[in-house]
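Proteins come first, then strands; the chains are lettered A, B, ... in the order of their sequence lines, and each starts at number 1.
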There are 2 protein chains.
Amino acid sequence: MAANILIVDDEQAIADLVEVYLKNENYNVFKFYNGKDALNCIENEKLDLAILDVMLPDVDGFSICQRIREKHNFPVIMLTAKEEEIDKITGLTLGADDYITKPFRPLELIARVKAQLRRFTKYNPSEPNQEEHLIAFSGLVLDMDTHECTLNEKKLSLTPTEFSILWVLCSNRGRVVSSEELFHEVWGDKYFTNSNNTVMVHIRHLREKMHDSTEHPKYIKTVWGVGYKIEK
Amino acid sequence: MAANILIVDDEQAIADLVEVYLKNENYNVFKFYNGKDALNCIENEKLDLAILDVMLPDVDGFSICQRIREKHNFPVIMLTAKEEEIDKITGLTLGADDYITKPFRPLELIARVKAQLRRFTKYNPSEPNQEEHLIAFSGLVLDMDTHECTLNEKKLSLTPTEFSILWVLCSNRGRVVSSEELFHEVWGDKYFTNSNNTVMVHIRHLREKMHDSTEHPKYIKTVWGVGYKIEK
DNA sequence: TCGCGATATTCAGAAAATCTTAAGATTTTA
DNA sequence: TAAAATCTTAAGATTTTCTGAATATCGCGA
């Protein structure tokens with residue numbers, strides 16, 4: 001059973017974005033733009049994890065966190081804008097299991113989410129631990145824990161960006177992912193580019209490291225006019 | 001069976017924080033923000049240890065400690081704010097098995113808790129104690145009791161911070177721990193910084209003491225763009 | 001086959017992350 | 001209270017990674 005995750009952020013764009021990332025990883029998402037609705041949700045749903053913006057207009061993240069601690073108990077990840085003054089947020093992040101500063105990269109978020117879920121289920125062994133941090137198929141293994149990638153038992157040393165791209169491609173295995181989509185999934189909405197051959201360059205490096213030829217790519221195939229895909 | 005621990009502090013943030021740390025270590029936590037509820041809990045639950053704030057608004061920690069001594073008998077750790085005047089708290093900490101001044105570091109708290117539990121179960125050998133205070137693997141031994149570290153039978157004299165970092169890395173062996181996460185785990189939520197290379201400097205010292213080269217580190221490996229890890 | 005737009009390749013400079021060092025601040029110990 | 005040990009900070013060096021431009025190649029349709 002997929003985990004239920006609560007996301008609360010008054011910046012709708014951020015909340016929506018996080019929702020996309022989480023759904024991409026097959027989580028059930030409960031999304032709210034204010035603290036009040038979130039508190040309501042906490043009472044009525046069986047949640048597994050919460051991602052809270054520290055600064056909310058009505059009920060701040062800290063208070064929500066406390067409520068979670070009181071009755072229920074599941075991991076809490078706090079979101080803080082980097083510019084936010086330290087004295088304003090210090091204390092507010094107390095009690096959180098982890099915190100992430102905005103802007104963040106999607107995969108970073110996902111990695112933290114998985115780490116928390118795993119840590120939690122580790123101490124609640126009744127819940128089955130679904131190896132969410134591993135992608136493995138036909139000789140290719142991606143481990144988000146160690147950031148390691150193995151191809152036919154041989155370790156590939158990938159850069160963070162390369163790893164992210166490969167992860168996104170693999171988790172969308174069997175489906176074509178466009179350059180733009182790839183860019184969004186890997187870099188987030190942090191950056192803007194329209195002439196986007198950066199992705200291409202990284203794909204090139206990936207293929208090189210995987211000894212994948214461009215002509216007959218075994219792994220990363222290019223679909224003309226659409227994007228890239230990895231066969232199922 | 002995990003130990004039952006009572007935590008009482010009127011500063012909710014502190015109590016919540018302690019709860020997080022304890023639950024991390026798989027303890028059952030009974031948390032209260034006032035003395036009254038705590039006294040109630042003492043009567044109704046089979047507790048193994050109590051962590052009490054000295055200064056509570058209703059029933060002070062000293063009184064709670066006395067009550068524990070009267071009927072039940074399990075270790076008591078007192079929490080005292082550093083600024084609190086000595087003459088106010090002296091006497092109040094009497095009867096406690098240990099006391100910790102706020103702010104404290106997560107690992108320090110855990111270490112003290114484990115020490116008390118172990119000391120207690122030593123004299124009550126009926127209770128099995130599987131609390132882990134030792135980490136040992138491939139020539140490296142860490143003992144949280146003595147804060148001692150041995151590498152291939154040779155003792156390394158680590159500073160408290162160094163020890164904590166190594167402990168966190170070792171207890172997350174096989175997984176990358178980011179700089180932020182390390183900071184979070186070692187220094188606690190209290191100290192919030194997002195740009196500091198303190199962790200890095202300590203890592204450097206650690207590697208030096210372990211005779212671990214930066215180029216081919218046998219122990220603490222850096223995963224670019226992600227963090228540090230120790231191989232499983 | 002040719003032309004054109006999409007995709008590849010290459011590489012050098014920019015940017016980012018990490019490492020190193022050392023000085024000054026703080027804490028602990030004697 | 002002084003000395004020693006430890007921690008933090010900052011600046012600059014180094015390494016790794018990313019990006020954008022220039023150029024080459026490919027695939028599709030006319």
Side-chain angles (χ1 to χ4, degrees), chain A residues 82 86 101 103-105 107-108 147 149 156-166 169 176-180 182-183 186-188 190-210 212-217 219-229, chain B residues 82-83 101-105 107-108 147 149 156-166 176-183 186-188 190-210 212-217 220-229:
Chain A
K82 201 161 197 172
I86 290 183
T101 56
F104 50 85
R105 289 188 169 202
L107 212 66
E108 189 192 344
H147 250 244
C149 170
L156 309 181
S157 71
L158 305 181
T159 71
T161 305
E162 284 160 12
F163 184 91
S164 295
I165 287 178
L166 192 53
L169 284 175
V176 187
V177 183
S178 76
S179 233
E180 287 81 14
L182 211 38
F183 191 83
V186 173
W187 278 264
K190 185 154 76 159
Y191 308 96
F192 273 119
T193 321
N194 24 13
S195 81
N196 184 352
N197 86 334
T198 297
V199 171
M200 236 177 248
V201 174
H202 287 295
I203 293 277
R204 154 95 178 111
H205 291 152
L206 267 175
R207 293 215 252 235
E208 201 163 60
K209 287 183 180 176
M210 298 172 85
D212 214 7
S213 75
T214 311
E215 288 191 16
H216 305 290
Y219 296 101
I220 303 172
K221 309 202 168 171
T222 108
V223 182
W224 252 76
V226 190
Y228 301 93
K229 83 161 171 182
Chain B
K82 202 161 196 172
E83 319 86 50
T101 58
K102 295 187 273 192
F104 51 85
R105 295 180 174 200
L107 216 64
E108 188 192 345
H147 259 232
C149 169
L156 307 181
S157 71
L158 304 182
T159 70
T161 306
E162 283 160 13
F163 183 90
S164 293
I165 288 178
L166 192 54
V176 186
V177 183
S178 76
S179 233
E180 286 90 7
E181 204 181 333
L182 254 181
F183 192 81
V186 173
W187 278 263
K190 183 112 199 162
Y191 314 83
F192 187 102
T193 344
N194 19 19
S195 86
N196 77 3
N197 71 345
T198 301
V199 171
M200 230 178 255
V201 174
H202 288 294
I203 292 276
R204 155 105 173 98
H205 292 152
L206 265 175
R207 292 215 253 235
E208 204 161 59
K209 287 183 180 176
M210 298 171 86
D212 216 7
S213 76
T214 310
E215 286 192 18
H216 305 289
I220 305 173
K221 307 201 169 172
T222 111
V223 182
W224 261 80
V226 189
Y228 300 93
K229 81 165 169 182

* To do: Would you kindly compare L158(B) and T159(A) by the position of their nearest DNA chain D nucleotide and give the one closer to the 5′ end?
  => L158(B)
* Calculate the interatomic distance between L156(B) atom CG and dT6(D) atom P; express it in whole Å. => 13 Å
* **Spacing between N197(A) atom CG and dT7(C) atom C1', to the nearest angstrom** => 10 Å
* Structure fact -> Considering only heavy side-chain atoms of P160(A), the closest of dA21(D), dT9(D), dT17(D) is dT17(D)
* Could you tell me whether a side-chain N or O of R207(A) sits under 3.5 Å from a main-chain N or O of P217(A), the two making a donor and an acceptor? => no
* Structure fact -> Judged by nearest nucleotide, the residue sitting upstream toward the 5' end of DNA chain C, G227(B) or T222(A), is T222(A)
* **Whole angstrom value for the distance that separates C1' of dA17(C) from CE of M200(B)** => 7 Å
* In whole Å, what is the span from the NE2 atom of H202(A) to the C1' atom of dT16(D)? -> 12 Å
* Specify the separation, in whole Å, of atom CZ of F163(B) and atom P of dA5(D). => 21 Å
* Using a 4.0 Å heavy-atom cut-off across all strands, classify Y228(A) as base, sugar-phosphate, or nothing. => sugar-phosphate
* Among dG5(C), dT8(D), dT10(C), the nucleotide that comes nearest once only the side chain of R204(A) is considered -> dT10(C)
* How would you label the contact of T198(B) with the nucleic acid (heavy atoms, under 4.0 Å): base, sugar-phosphate, or nothing? -> base
* Asked: Between W224(A) (CH2) and dA8(C) (C1'), how many Å, whole number?
  -> 10 Å
* Asked: Is R207(B) near enough to dC19(C) that one of its side-chain N or O atoms lies under 4.0 angstrom from OP1 or OP2?
  -> yes
* Phosphate-side-chain proximity, W187(B) and dC7(D), N/O vs OP1/OP2 below 4.0 Å -> no
* **Separation of atom CD1 in I203(A) from atom P in dT9(C), rounded to whole Å** => 11 Å
* To do: Measure the acute angle between the ring planes of H202(A) and W187(A), then classify it against the limits of 30° and 60° as parallel, tilted or perpendicular.
  => tilted
* Please report the C-alpha distance between E181(B) and Y228(B) in whole Å, then the side-chain angles of each, then the deciding distance to 0.1 Å, and finally whether the side-chain contact (heavy atoms from CB on, under 4.5 Å) criterion is met. => CA-CA 10 Å; E181(B) 204 181 333; Y228(B) 300 93; over 6 Å; no
* **Interatomic distance where CG belongs to L182(B) and P belongs to dA17(C) [whole Å]** => 17 Å
* Among L158(A), T159(A), D212(A), V201(A), which one satisfies side-chain contact (heavy atoms from CB on, under 4.5 Å) with L206(A)? -> L158(A)
* Nearest heavy-atom neighbours spanning P160(A) and G225(B) -> CG-CA, 3.9 Å
